Structures are given as structure tokens and as C-alpha cells.
Student: 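To start, I am sharing the structure in question, which I have written as C-alpha cells.
Values in this document were obtained by computation on a predicted structure and should not be read as measured data. Nothing fancy with the numbering, it's 1 onward along the sequence.
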Amino acid sequence: MDNIELAVIGGTGVYALAELGDVQSHTPDTNYGSASGPIRVGTLAGKRVAFLARHGEGHSVPPHRINYRANLAALQMIGATRVLALNTVGGITPDCGPRALVCPDQLIDYTWGRVSTICEEDGSDVLHVDFGEPYSSTLRVQVVDAARRAGVAVVDGGCYGATQGPRLETKAEIARMRRDGCDLVGMTGMPEAGLARELGIDYACLGIVSNWAAGAGHEPDEVITLDDVLANVAAATAGVSRLLAAMLAG
């Protein structure tokens, strides 16, 4: 297996890491089925890095049908012990507007009906993992510190609210989430974070804010379009490669 320094899971609009060199592809079979696509392993800043497109490289898998267990198990099988999840999200609170990068420290799970544990099958060990702090604090510190050294603005902390999708949320739903304390809204933060904890993988999230959530922006009747989302993701991710390089440099 490769000596993987870091694994990156890309969300909507992030289907590859163009900076990877000497790329090899892996498609390991897992106990949970197939991952969303091939894992691309290459060199970045002199270190081996794995990349997996969460929705598939052609964005063919909707949030509620992603095989989160297979994705994380496949990364673990090729030697990944640290995962940085790139999640395209909507912004709810003022510091989390379009094109911001946010490294949250809390989350609330509003999803339903997803296979959310490796304890699902008969005969599986029953795990009661501590999830009070849903993201690995050490990895979060490394992300935020790397952003500072790379000159990339990152909001340190915040609460990610994970919704079912694939539709976007109503204004009333976002208002409820704001009352609950959410700063970001996305569709893929859970069960991914919980599964990573069960598998013993260090896991952190870097939220890429693509748009204001419904009713949260300056234009309350603004219509969210895919073109706007992708343009904002492209702009926000311009500094991600520098952040990753700084992380890998230690």
C-alpha cells in the first residue's frame, strides 16, 4: 500500500486535484461495496496524497445515495489515516458568505434513512463512539495553521448542519437551523464524519461556501443557480492547493 500522508474527499465542483503528480488509480473492494469512484493517489508537495470524488468524477451520485461506508473503508484500505473532507455548503451566518472557507468544529445531523454506522450488519461489533467533538481537533488545528501559513483566509470554527438533499432547503428550514446554531448547511457531512470516527480515521471538514442559504443573504428572494454555485466553488478553492501544500510541509 502507498504511504498516504493525507486523503482528500472532494465535494460538488471538486472532482480532482489538478496538482497531483505521478497519479495511480485504486479501486479496492470493501465489505460495504464500491466507493463512489476510483481513488487517485499521487504526489503533492513531495508527499503521497489520495483523492476521492464523493459524488463520482462525473457528479453522478446524489447525497443520499453515496456509499459513505465504502468510501471511507476504501481510503483506509489503501493506507489513509487522515481525511480532509471538502464539502460544498451554503452559508447561514454573516462570516460564512459565498466563497468563504470554513473549518467547522461542530455539526448537527438532520439526515434520515442513510446507513450511518458500521454496526449495521448482524454480528457486527456494537460501537458507542464518543462524538461530542465530531471533528479531530489535531487535524483541525493543522488545517487552520496551514491556512495561516499559506495566506489563505479560513473561518476557524462553526456548526455544520447536514440535511438530506438533494433539494435545497426552504427559508423556514434555514431559519430553524439558524436558531439551532448552524453556520453552514450541506448534504454530505453526515454520516461521513460519524463513520470516520467509528473507523478510527482522523477527520476534519473544510466547508467551501458556494452560496447563501435560502433567505440568509442580502437579497432574500435570490434564486440559487448551479452556474453561480460552481463559479463560487472555483473561486473559493483557488487557495486550497496552497493550504494542502502547507499542511503537507508540516
Side-chain angles (χ1 to χ4, degrees), residues 8-14 54 63 83-112 114 131-148 152-194 196-197 202-224 228-240 243:
V8 178
I9 300 177
T12 298
V14 186
R54 185 185 288 110
V83 170
L84 177 60
L86 305 181
N87 295 83
T88 301
V89 295
I92 296 175
T93 51
D95 289 342
C96 300
R99 306 192 176 189
L101 297 175
V102 185
C103 191
D105 58 353
Q106 277 297 325
L107 65 79
I108 298 176
D109 187 5
Y110 300 95
T111 65
W112 50 269
R114 303 181 181 190
F131 205 52
E133 301 292 338
Y135 302 108
S136 303
S137 58
T138 301
L139 189 55
R140 280 197 68 257
V141 168
Q142 291 170 350
V143 172
V144 173
D145 182 61
R148 178 188 55 77
V152 177
V154 168
V155 177
D156 180 5
C159 183
Y160 178 121
T163 59
Q164 181 70 0
R167 68 165 178 84
L168 299 177
E169 300 75 28
T170 68
K171 293 179 182 179
E173 288 169 331
I174 294 300
R176 177 189 66 164
M177 294 177 72
R178 184 186 292 109
R179 292 192 297 271
D180 287 349
C182 296
D183 300 284
L184 305 171
V185 56
M187 302 172 188
T188 56
M190 284 294 285
E192 195 172 90
R197 182 62 52 84
D202 284 338
Y203 179 93
C205 166
L206 186 63
I208 302 166
V209 183
S210 61
N211 55 272
W212 286 113
H218 301 299
E219 301 294 334
D221 295 322
E222 178 182 10
V223 175
I224 300 168
D228 290 339
V229 165
L230 295 179
N232 287 334
V233 169
T237 54
V240 170
L243 187 157

Student: How far apart are the C-alpha atoms of Ile208 and Val89, what are their side-chain angles, what is the distance that settles it, and do they pass the side-chain contact (heavy atoms from CB on, under 4.5 Å) test?
Tutor: CA-CA 6 Å; Ile208 302 166; Val89 295; 5.7 Å; no
Student: State, to 0.1 Å, how close Tyr135 and Leu107 come at their nearest heavy-atom pair, and which atoms those are.
Tutor: OH-CD2, 3.3 Å
Student: For Arg140 and Cys103, indicate whether the former's side chain and the latter's backbone hold a donor-acceptor pair under 3.5 Å.
Tutor: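 The answer is yes, because a donor-acceptor pair under 3.5 Å joins these two groups.
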Student: For Ser136, is there any backbone N or O sitting under 3.5 Å from a side-chain donor or acceptor partner on Asp202?
Tutor: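 Such a contact is absent between Asp202 side chain and Ser136 backbone.
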Student: Once rounded to the nearest 0.5 Å, what's the spacing between atom CD1 of Ile108 and atom SG of Cys159?
Tutor: 4.0 Å
Student: With no hydrogens and no angle check, is any side-chain donor or acceptor of Arg54 less than 3.5 Å from a backbone partner on Pro63?
Tutor: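 Between the backbone of Pro63 and the side chain of Arg54 there is no qualifying donor-acceptor contact (under 3.5 Å).
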Student: Looking at Ser210, is its backbone amide N or carbonyl O close enough to the side chain of Asn232 to form a donor-acceptor pair, meaning the two atoms are under 3.5 Å apart?
Tutor: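 Such a contact is found between Asn232 side chain and Ser210 backbone.
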Student: If we only count heavy atoms from C-beta on, is the Val233 to Val14 side-chain gap below 4.5 Å?
Tutor: yes
Student: With side chains defined as the heavy atoms from C-beta onward, is the minimum distance between Val102 and Leu206 less than 4.5 Å?
Tutor: no
Student: Would you call Asp183-Arg178 a salt bridge at under 4.0 Å N-O?
Tutor: no
Student: Would you call Glu173-Arg167 a salt bridge at under 4.0 Å N-O?
Tutor: yes
Student: Can any side-chain N or O of Gln106 pair as donor or acceptor with the backbone N or O of Cys182 at less than 3.5 Å?
Tutor: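 Pair absent, no side-chain N/O of Gln106 close to backbone of Cys182.
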Student: Is there a donor-acceptor pair under 3.5 Å between the side chain of Asp109 and the backbone N or O of Thr111?
Tutor: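 Indeed, once roles are kept as given, a pair shorter than 3.5 Å links the two residues.
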Student: Looking at every heavy atom in both Ile174 and Ala213, which two are closest together, and how far apart are they?
Tutor: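 Distance-wise, the nearest heavy atoms are CD1-CB, 3.6 Å.
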Student: Any donor-acceptor pair under 3.5 Å linking the side chain of Arg99 with the backbone of Thr237?
Tutor: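 Between the backbone of Thr237 and the side chain of Arg99 there is no qualifying donor-acceptor contact (under 3.5 Å).
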Student: Indicate whether any N or O donor in one side chain lies under 3.5 Å from an N or O acceptor in the other, for Glu169 and Thr163.
Tutor: yes
Student: Output yes when a side-chain donor or acceptor of Tyr203 lies under 3.5 Å from a complementary backbone atom of Leu84, and no otherwise.
Tutor: no
Student: Determine the minimum heavy-atom distance between Glu133 and Asp105, stating which atoms define it.
Tutor: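 Minimum heavy-atom contact is OE1-O, 4.0 Å.
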Student: Give, for atom CD of Gln142 and atom CG of Leu243, the distance between the pair rounded to the nearest 0.5 Å.
Tutor: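 Reported value, rounded in 0.5 Å steps: 11.0 Å.
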Student: Grab the two heavy atoms, one from Ile92 and one from Ala216, that are nearest each other, plus how far apart they are.
Tutor: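 For Ile92 and Ala216, the tightest heavy-atom pair comes out as O-CB, 3.7 Å.
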Student: Are any non-hydrogen side-chain atoms of Met190 and Tyr110 less than 4.5 angstrom apart?
Tutor: no
Student: Mind checking the OG1-CG spacing from Thr188 to Leu86? Nearest 0.5 Å is all I need.
Tutor: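 Taking OG1 in Thr188 and CG in Leu86, the distance rounds to 10.0 Å.
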Student: Are the side chains of Val83 and Ile9 in touch, meaning some heavy atoms are under 4.5 Å apart?
Tutor: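 SC-SC contact between Val83 and Ile9 confirmed.
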Student: Cys205 and Pro104: which non-hydrogen atoms are nearest, and at how many Å?
Tutor: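 Distance-wise, the nearest heavy atoms are O-CD, 3.4 Å.
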Student: How far does OG1 of Thr93 sit from CG of Leu184, to the nearest 0.5 angstrom?
Tutor: 6.5 Å
